[in-house]
Amino acid sequence: MAVIAAAQATDGGWTWAQTAALIVPCIALFGAYLTYTLNQRAVRRERRAKTFAEALTAVEEYLEMPYRIRRRPKSSSTVRQQLTDEVSGLLAQMAFHQAWLQIEASAVAGPYATLVATARAEAGAQMNLAWDQPPITTDSGMNLGVPYPRDRSNAARAICIEVMRRHLGERS
């Protein structure tokens, strides 16, 4: 056997060892490329999922503002300023996420814009009412009893999450 292989090698023929020496590195390179590509896809997906979660968190924090306003300590200009600054910051965060989604995930931008508009309408009216209420002064008063209605915001959020899942390639 070794004599035949040696004879073929000297005759200029191609041997199985030479074929294997070419195929093995090619398979290894392909495997490395495939692994790199799949890892990069997973990293991009994870980054998008995190950004989607941050966008939803900004809306959720905005929806919580009527409670924060209602539970404010005795009115002072400092507390009012802090709460209004927080509302402004949340509006800026939601605007940032809307712009990012328009650039990076246009299919998600519309449902997110609807969610933001719905949350602003619901929570905005609730914040106005909360400012008109006197500050809570007792521990038992901290439990407001009846939650502020969020049916429209919850429905818009569910639609937005479904579109985000589809964009990420998940099934619900």
Side-chain angles (χ1 to χ4, degrees), residues 33-172:
Y33 171 77
L34 186 62
T35 301
Y36 174 79
T37 302
L38 292 175
N39 284 342
Q40 289 302 307
R41 180 185 292 171
V43 166
R44 280 191 305 274
R45 184 182 177 284
E46 184 177 332
R47 181 181 53 86
R48 280 193 181 126
K50 184 175 185 225
T51 302
F52 290 167
E54 289 169 355
L56 293 170
T57 298
V59 174
E60 187 63 31
E61 288 177 7
Y62 186 81
L63 287 166
E64 287 295 314
M65 285 308 297
Y67 296 99
R68 305 247 352 252
I69 292 168
R70 185 68 182 96
R71 291 181 176 124
R72 70 192 181 278
K74 284 211 180 231
S75 250
S76 75
S77 61
T78 305
V79 171
R80 281 192 300 275
Q81 186 64 45
Q82 287 173 341
L83 289 170
T84 56
D85 286 349
E86 192 171 338
V87 170
S88 294
L90 291 169
L91 290 170
Q93 283 181 33
M94 291 186 299
F96 166 80
H97 289 294
Q98 278 185 286
W100 185 91
L101 290 171
Q102 288 172 341
I103 294 166
E104 273 299 309
S106 59
V108 178
Y112 185 76
T114 300
L115 171 60
V116 167
T118 304
R120 287 189 69 176
E122 275 186 334
Q126 294 164 358
M127 283 187 249
N128 286 336
L129 293 173
W131 282 116
D132 290 338
Q133 298 290 320
I136 295 172
T137 58
T138 64
D139 290 344
S140 62
M142 287 295 174
N143 183 357
L144 299 178
V146 178
Y148 288 106
R150 292 174 41 174
D151 297 336
R152 292 180 302 147
S153 293
N154 288 341
R157 183 177 183 270
I159 291 168
C160 187
I161 288 173
E162 180 56 36
V163 173
M164 288 174 171
R165 280 184 176 149
R166 277 194 307 243
H167 186 76
L168 292 171
E170 289 183 8
R171 292 193 172 88
S172 50

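- The structure places CG of Leu101 at 9.5 Å from OG of Ser106, a figure rounded to the nearest 0.5 Å.
- In terms of heavy-atom proximity, Pro73 sits nearest to Pro135 at O-CB, 3.7 Å.
- Interatomic distance, OH of Tyr148 versus CG of Leu129, reported as 7.0 Å (0.5 Å rounding).
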Exercise for the section: Before giving the answer on salt bridge (charged side-chain N to carboxylate O under 4.0 Å, His left out), spell out for Lys50 and Glu54 the whole-Å C-alpha distance, their side-chain angles and the decisive distance to 0.1 Å. Expected result: CA-CA 6 Å; Lys50 184 175 185 225; Glu54 289 169 355; 3.6 Å; yes
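- Looking at every heavy atom in both residues, Pro66 comes nearest to Ala123 through CG-O, 3.8 Å.
- Side-chain contact between Val59 and Arg157 is absent, with no heavy-atom pair separated by less than 4.5 Å.
- For Arg70, the CZ atom sits in a packed shell: over 12 heavy atoms of surrounding residues, nucleotides or ligands are nearer than 6.0 Å.
- Considering all non-hydrogen atoms of both residues, Arg120 and Tyr62 come closest at CA-CE2, 3.6 Å.
- The side-chain heavy atoms of Val163 and Arg166, taken from C-beta on, include a pair separated by under 4.5 Å.
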Problem - Derivation and outcome, salt bridge (charged side-chain N to carboxylate O under 4.0 Å, His left out), residues Arg150 and Glu60 - result: CA-CA 11 Å; Arg150 292 174 41 174; Glu60 187 63 31; 2.8 Å; yes
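- Between the CE atom in Met164 and the CG atom in Leu56 there is a gap of 4.0 Å [rounded to 0.5 Å].
- Of the inter-residue distances, the one linking Met65 atom CE with Met127 atom CE reads 6.5 Å to the nearest 0.5 angstrom.
- Across all non-hydrogen atoms, the minimal contact from Tyr112 to Ala55 is OH-O, 2.9 Å.
- Here the straight-line distance linking atom CG of Leu63 with atom OG of Ser153 works out to 4.5 Å at 0.5 Å rounding.
- Ile161 has its side chain out of reach of Phe52: every pair of non-hydrogen atoms, C-beta onward, lies at least 4.5 Å apart.
- The shortest distance between side-chain heavy atoms of Glu61 and Glu86 does not fall below 4.5 Å.
- Panel note: side chain Gln126, backbone Pro149; a donor-acceptor pair is recorded below 3.5 Å.
- With rounding to the nearest 0.5 Å, the separation of CH2 in Trp100 from CZ in Arg48 is 6.0 Å.
- Side-chain atoms of Leu83 and Val87, non-hydrogen and from C-beta on, never get closer than 4.5 Å to each other.
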